Protein chains: 2
Amino acid sequence: MNEPALTGAEQSVSKARLRLWLKLLKASSLIEDEIRRRLRNEFNWTLPRFDVMSALARSPDGLKMSEISQMLRVSNGNITGIVDKLSEEGLALRVAVPGDRRANLVRLTPKGQNVFAEHAEVHEAWIDEILSGLDSEDVDGMIGRLDRLSEALEEGK
Amino acid sequence: MNEPALTGAEQSVSKARLRLWLKLLKASSLIEDEIRRRLRNEFNWTLPRFDVMSALARSPDGLKMSEISQMLRVSNGNITGIVDKLSEEGLALRVAVPGDRRANLVRLTPKGQNVFAEHAEVHEAWIDEILSGLDSEDVDGMIGRLDRLSEALEEGK
DNA sequence: CTTATAAATTTCAAGCTTGAAATATCTGTG
DNA sequence: CACAGATATTTCAAGCTTGAAATTTATAAG
């Protein structure tokens, strides 16, 4: 019934993994909060709206609701509400899919494309500024490890 | 009026920083979602409640509302609601601060301590499992870089 | 003492997020 | 055709989150 005792090294790795998670979460939250703050203050905009428009901007032919929610890893119902708002504001629209009346394709309007282009350019500069403390070696080192981590997490489904 | 042109190397670092941010966010979100899912399924619990209890568990003498919100980097109003809920359920309580009628100290009840102890132990094992794809070198390498990143972010306030 | 300012907390409206249930539509099988 | 499942989306209630305004209490200056 008892678990085998952990060696010192195993305990150490385990504790270090917990510390890593807390630091990963902290760094990620700090950056995300800063982006939210700037989007709000500079553009009176929100991150979810930015994210949905970003997905749509990369797919000029349009995306199904379910494709957007998969890309952003959020629920379907969530996307419904955000696309509703974007549509009301004339930034996106739903287009019928020929041959499937269940689905529709969401596209940015020309107005939506213009608004997003402005936001995206500034957003990229913000990230560059916020991460300016990391040099090329740091960036590459972290990208590699994060890639492997995400792969492992997505496999383990 | 024009910005100086970026060299190839500068562009490259800038683009890599943006990629890093997207990967950092992705890894962090995958882990966080998995933790939320397990808390919900195994304990019918939420991450905000877990986080508040975790802060309280580390401070047996109690924490002021504002101390909790600073530690968790969330708003004061947020903590009000969560502590209200925990109090209703008999897991935490507000204690008057002698000499300052504006503030109160929040403490875990014995019941709250027991509930949290159970959750915390399992939580730590989850993190170890979720991050099992990272070896000791990965973990240490990332911790160092994330520390420097967070320091830089917090300085830049 | 009075008053202005600061500090601690709560309240509130608006928006995000989820999972589950409900609708509507398709698709393959008999 | 009928119909059992699979798909695509929406609806909904509950909970989280924020920033700003409001409330209460403390503190310092005159």
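Numbers restart at 1 for each chain; the letters A, B, ... are given by sequence-line order, proteins then strands. All values derive from a computational prediction rather than experimental measurement.
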query = To the nearest Å, how far apart are A:Arg101 CZ and C:dT25 P?
reply = 6 Å
note = note: B:Glu32, atom CD; C:dT18, atom C1'; distance rounded to Å ~ 13 Å
request  = Spell out protein contact along nucleotides 5-15 of chain C as letters: B when the base is contacted, S when just the sugar-phosphate is, - when no protein heavy atom is under 4.0 Å; keep the 5' to 3' order.
outcome  = --BSBBB---S
key: Distance in angstrom units between A:Arg73 CZ and C:dC16 P, rounded   = 18 Å
task = Go through the structure and list residues passing salt bridge (charged side-chain N to carboxylate O under 4.0 Å, His left out) with B:Arg37, not counting sequence neighbours.
result = B:Glu34
key: Atom-pair distance (CD1 on B:Ile35; P on C:dT17), nearest Å   = 19 Å
key: Rounded distance in Å - CZ (B:Arg37) to P (C:dT18)   = 14 Å
task = May I have the distance from A:Ile82 (atom CD1) to D:dT10 (atom P), rounded to whole angstrom?
result = 12 Å
task = May I have the distance from B:Leu72 (atom CG) to D:dC16 (atom C1'), rounded to whole angstrom?
result = 13 Å
ILVMFWY cluster, B:Met65 and B:Val97 together (side-chain gap under 4.5 Å) = no
key: Test item: B:Ile31 and A:Leu149 side chains (from C-beta on) under 4.5 Å apart, heavy atoms   = yes
ask   = B:Leu47 has an atom CG; how far is it from atom P of C:dT17, in whole Å?
value = 15 Å
task = Name the nucleic acid region contacted by A:Arg40, choosing base, sugar-phosphate or nothing; use a 4.0 angstrom heavy-atom cut-off, strictly under.
result = sugar-phosphate
message = When you compare the side chain of B:Phe50 with that of B:Ile35, does any pair of heavy atoms fall below 4.5 Å?
response = no
task = Could you go through the salt bridge (charged side-chain N to carboxylate O under 4.0 Å, His left out) check for B:Lys26 and A:Glu154 one step at a time?
result = CA-CA 11 Å; B:Lys26 180 179 180 181; A:Glu154 286 179 322; 3.3 Å; yes
query = Does a side-chain heavy-atom distance below 4.5 Å link A:Arg107 with A:Leu56?
reply = no
